[in-house]
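Structure, as structure tokens:
In what follows, chains are A, B, ... by sequence order, proteins preceding strands, each numbered from 1.
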Amino acid sequence: MHIVAAVKEAVDVDHIKIDSATLEPVLHLAPLQIEELSRNALEAAIQLREGNGGKVTALSFSRETIRKTIKEALAMGADEGVIVTSEMEPGPDVTARVLGAVLRGMEFDLLILGEGSADNYSCQVGPRLGEMLDMPLATYVREIEVADNGLMCVRDMEECREAVLLPTPSIITVTNEINEPRLPSLPAILKASKKPLREIRLSELGIPEESLRPTVEVRSNKAPVIDRKRVVFEGELDEVVSEMASAIAREVAR
Amino acid sequence: MPVLVHSEKEDVALELLSKARQLWSDDILGVVPLHDAKVRAGGYFGFGADVVYAVSPSPSGASQCARALHQIIEGEGFDLVLVGSTRPGKEVSSRLAQRIGCACITDAIDLRVEGRQVLADRYALAGNTVATELVLSDRGVISILPHSFQKVESPREGRVVDFRADVGEERAKVVERREKVSEDVMIEDADIIVGVGKGFARREDLEMAFELARALGGEVGCTRPLAVDYGWLSENRGIGLSSKRVSPKLYIAIGVSGQIQHTVGVMRSKTIMAINRDGEAPIFAIADYGIVGDLYRLVPHLTESVRKLMSGE
């Protein structure tokens, strides 16, 4: 089974600093990594290969920094990397367009993506690829098992769990409950540099310019103003409890 | 501009209709329910719909639903589609935008119009920021989180249109559907919410939080991991970016570290209080009142004090 895991390079969302004057995020200081849900997708792909044989390709469309970051995916256990590089900041529509162009030229049985990405969480790329490649799709999957005639997936929806039988080739998006992504061992990290890595320049894909034009413009992106009292009661247990209890009673009475 | 509304949840469809009617008072508003379109049509007309589409055959799954919506848009000339941002709703939105070849903005929390331009606010960077995004394409699909807008009645003399759609075949076959065990609780309606997080070591210990909530006539909510990973509480008590957003009079966070994914769900609370053993925990940065200390020692005392105060002792 050839499994492609689409992975995204993103800033670590737990280490984003906000400029207190402009309220804008200071992104150049946050470390870049393969974001959390992509690692769930990759882990799911690796586990399927470990159970059933085959090959895992980590596929990414990113800035040139991905040349280094993709090593995280190879160290985790992907057999090869395919990266498309460009300095544009694509939205989910353009990302899907570019990944779709690469996937059209690839033979694969299963494409796995995160349900969304930890940084932007638009949840669009998987479903857009389903339409673009005209492939069966199961979103929000938290369990995958190989069945006789395809893959048995459990989808986690708001009000129910749905068991879905998915033929292959097909596409799955996974939730972060599906697994605990492994931390690569030191030997695996050292070996990652020797694994095959193919770099494709965006221009090589022959995508018409108008298909790469964004359909959404980000006007502004700012942290909300937080205006809270930030009073911390200090003192003996009885004291602080009674102060908080009074504050609670005041709020309830309002 | 003619606007089409869709949600598998009637309440959410009514919220979206209300907002659309406020933004586009004179334009045609259509709505595509998934079930009972004819029976429920009167309700949709009451909140501003001009046309209720009864689609047959009834779409099952996001792929079929996106196809049906696409055919309605093409056939009836809608420019903007507003969808309830549930998990199925987000999949429908993305598929539909891909079919149309247009912009899609998911998980919006607000919607505005400038001339003919449509803008939406959504959380970005895991809730650290709010981004304002503008639709550049001629058409657009925007999915909007439930409870973003108030329902406002604005009755119209609407009509029901029978729409025959070619929904195609669903290739991902649903073999079993199991409803989640969910408690009969609507935390989003509660005036006072006691929020619990990973500071609680065992499921049984949550009883402390329930006692405090009962003393205050409130409800207990939780961070997402407590519901989804640990299964300690049902998922309809989960609060945060990918769970519920609440806006109570008082939110008391106990053993909640305050990760942004959770706190975006409580930002609209009038007052926030926090109890956490780590004085550096980010929850204190968004709290009005806090105590740094051991919740196991503090909470029982606090419940006792609150009981006394509330009973006028």
Is A:Asp14 in contact with chain B via its backbone, its side chain, both, or neither, using a 4.5 Å heavy-atom distance? side chain
Selection from B:Ala120, B:Ser143, B:Ala131, B:Ala66 maximising heavy-atom pairs under 4.5 Å formed with chain A: B:Ala131
Which of the residues B:Asp121, B:Val306, B:Asp229, B:Val174 is involved in the greatest number of heavy-atom pairs with chain A at under 4.5 angstrom? B:Val174
Heavy-atom closest pair, residues B:Met208 and B:Leu295: CE-CD1, 3.8 Å
Contact part of B:Leu302 toward chain A, heavy-atom cut-off under 4.5 Å: side chain, backbone, both or neither? both
All heavy atoms of B:Ile272 vs all of B:Ser269, minimum pair found to be CG1-CB, 3.9 Å
Check the side chains of A:Asp109 and A:Thr168 for a donor-acceptor pair under 3.5 angstrom, ignoring hydrogens and angles. no
Please check if atom OH in B:Tyr230 has more than 12 non-hydrogen atoms from other residues, nucleotides or ligands closer than 6.0 Å. no
Name the option with the most non-hydrogen atom pairs under 4.5 Å to chain A; the candidates are B:Gln261, B:Arg122, B:Met267. B:Arg122
Can you tell me which portion of A:Ala138 sits under 4.5 Å from chain B's heavy atoms? Options are side chain, backbone, both or neither. neither
Per-residue contact mode, B:Ala97 against chain A (heavy atom under 4.5 angstrom): both
Chain B contacts, top residue of A:Leu137, A:Leu23, A:Leu129 (heavy-atom pairs, under 4.5 Å): A:Leu137
Hey, are A:Glu36 and A:Arg39 close enough for a salt bridge, meaning a charged N less than 4.0 Å from a carboxylate O? no
Any Lys/Arg nitrogen of B:Arg178 or B:Glu176 sitting under 4.0 Å from an Asp/Glu carboxylate oxygen of the other? yes
For the backbone of A:Lys229 and the side chain of B:Asp288, can you confirm whether one donor and one acceptor N or O come within less than 3.5 Å of each other? yes
Residues B:Glu304 and B:Arg307 bridged, charged N to O under 4.0 Å: yes
Among A:Glu158, A:Glu159, A:Glu115, find the residue that satisfies the salt bridge (charged side-chain N to carboxylate O under 4.0 Å, His left out) test when tested with B:Arg87. A:Glu115
Which atoms of B:Asp107 are under 4.5 Å from chain A, going by heavy atoms: the side chain, the backbone, both sets, or neither? side chain
Take A:Leu111 and A:Leu99 through the test side chain to side chain contact (heavy atoms under 4.5 Å, CB included) and record every step on the way to the result. CA-CA 11 Å; A:Leu111 167 67; A:Leu99 295 180; over 6 Å; no
Answer with side chain, backbone, both or neither: which region of A:Ile18 has an atom nearer than 4.5 Å to a non-hydrogen atom of chain B? side chain
Could you look at B:Cys102 and say if it's the side chain, the backbone, both or neither that has a heavy atom under 4.5 Å from chain A? backbone
Answer with side chain, backbone, both or neither: which region of A:Ile248 has an atom nearer than 4.5 Å to a non-hydrogen atom of chain B? both
Select one option (side chain, backbone, both, neither) describing which atoms of B:Arg224 are under 4.5 Å from chain A's heavy atoms. side chain
Please look at A:Leu27 and chain B and tell me whether the side chain, the backbone, both or neither of the residue comes under 4.5 angstrom of a heavy atom of that chain. side chain
Top of A:Ser242, A:Pro92, A:Ala223 for chain B proximity - count of heavy-atom pairs under 4.5 angstrom: A:Ala223
Among B:Leu125, B:Val135, B:Asp294, who wins on heavy-atom pairs under 4.5 Å with chain A? B:Leu125
Most chain B-contacting option - heavy-atom pairs closer than 4.5 Å, from A:Glu251, A:Met132, A:Arg213: A:Glu251
Heavy-atom distances under 4.5 Å only: say whether B:Ile192 touches chain A with side chain, backbone, both or neither. side chain
Quick check for you: among A:Ile226, A:Val252, A:Leu151, A:Asp238, which has the greatest number of heavy-atom pairs under 4.5 Å with chain B? A:Val252
Need one label for B:Pro88: side chain, backbone, both or neither, based on atoms under 4.5 Å from any heavy atom in chain A. both
If you define the side chain from C-beta out and look only at heavy atoms, does anything of A:Val11 sit under 4.5 Å from A:Leu32? yes
Taking CG in B:Asp278 as the centre, count heavy atoms belonging to other residues, nucleotides or ligands within less than 6.0 Å. Is the count above 12? yes
Contact class of B:Glu235 relative to chain A, heavy atoms under 4.5 angstrom: side chain
Top residue by heavy-atom pair count (under 4.5 Å) with chain A, among B:Ala287, B:Ala124, B:Ser137? B:Ala287
N-O pairing of B:Asp191 and A:Arg254 below 4.0 Å: no
Tell me, for A:Ser246 versus chain B, whether the close heavy atoms (under 4.5 Å) come from the side chain, the backbone, both or neither. both
Please classify the contact between B:Glu169 and chain A as side chain, backbone, both or neither, with a heavy-atom cut-off of under 4.5 Å. neither
Among the options A:Val232, A:Val216, A:Asp93, A:Asp119, pick out the one with the most heavy-atom pairs lying under 4.5 Å from chain B. A:Val216
Looking at A:Glu162 and B:Arg177, is there a salt bridge between them, counting it only when a charged N and a carboxylate O are closer than 4.0 Å? yes
Taking every non-hydrogen pair under 4.5 Å, which of B:Val228, B:Val299, B:Leu216 racks up the most with chain A? B:Val228
Relative to chain B, which segment of A:Met135 carries a heavy atom at a distance below 4.5 Å: side chain, backbone, both, or neither? backbone
Top contributor to chain B interface from A:Arg142, A:Met157, A:Glu243, A:Gln124 [non-hydrogen pairs under 4.5 Å]: A:Gln124
Contacting region of B:Leu119 [heavy-atom separation from chain A under 4.5 Å]: side chain
Taking NZ, NE, NH1 and NH2 as the nitrogens, is one of them in B:Lys180 or A:Asp156 under 4.0 Å from a carboxylate oxygen of the other? yes
Please report the closest heavy-atom contact between A:Ile207 and A:Ala101, naming both atoms and the distance. CD1-CB, 3.8 Å
Just checking, any donor-acceptor pair under 3.5 angstrom between side chains of B:Glu211 and B:Thr303? no
Under 4.5 Å from a heavy atom of chain B, the part of A:Asp134 involved: both
Side chain, backbone, both or neither: which part of B:Glu170 has an atom under 4.5 Å from a heavy atom of chain A? neither
Check this for me, if you would: do A:Arg182 and A:Glu43 make a salt bridge, where the nitrogen-to-carboxylate-oxygen distance has to be below 4.0 angstrom? yes
Region of B:Ala285 that comes under 4.5 Å of a non-hydrogen atom in chain A: both
Determine the interplanar angle of the B:Tyr289 and A:Phe233 rings, folded into 0 to 90°, and report it as parallel if under 30°, tilted if 30 to 60°, perpendicular if over 60°. parallel
Is A:Asn120 in contact with chain B via its backbone, its side chain, both, or neither, using a 4.5 Å heavy-atom distance? both
Contact origin within B:Ala126 toward chain A - heavy atom pairs under 4.5 Å: both
I'd like to know if A:Glu35 and A:Lys8 make a salt bridge, using a cut-off of under 4.0 Å between side-chain N and carboxylate O. no
Using non-hydrogen atoms only, which part of B:Ile260 is less than 4.5 Å away from chain A: side chain, backbone, both, or neither? neither
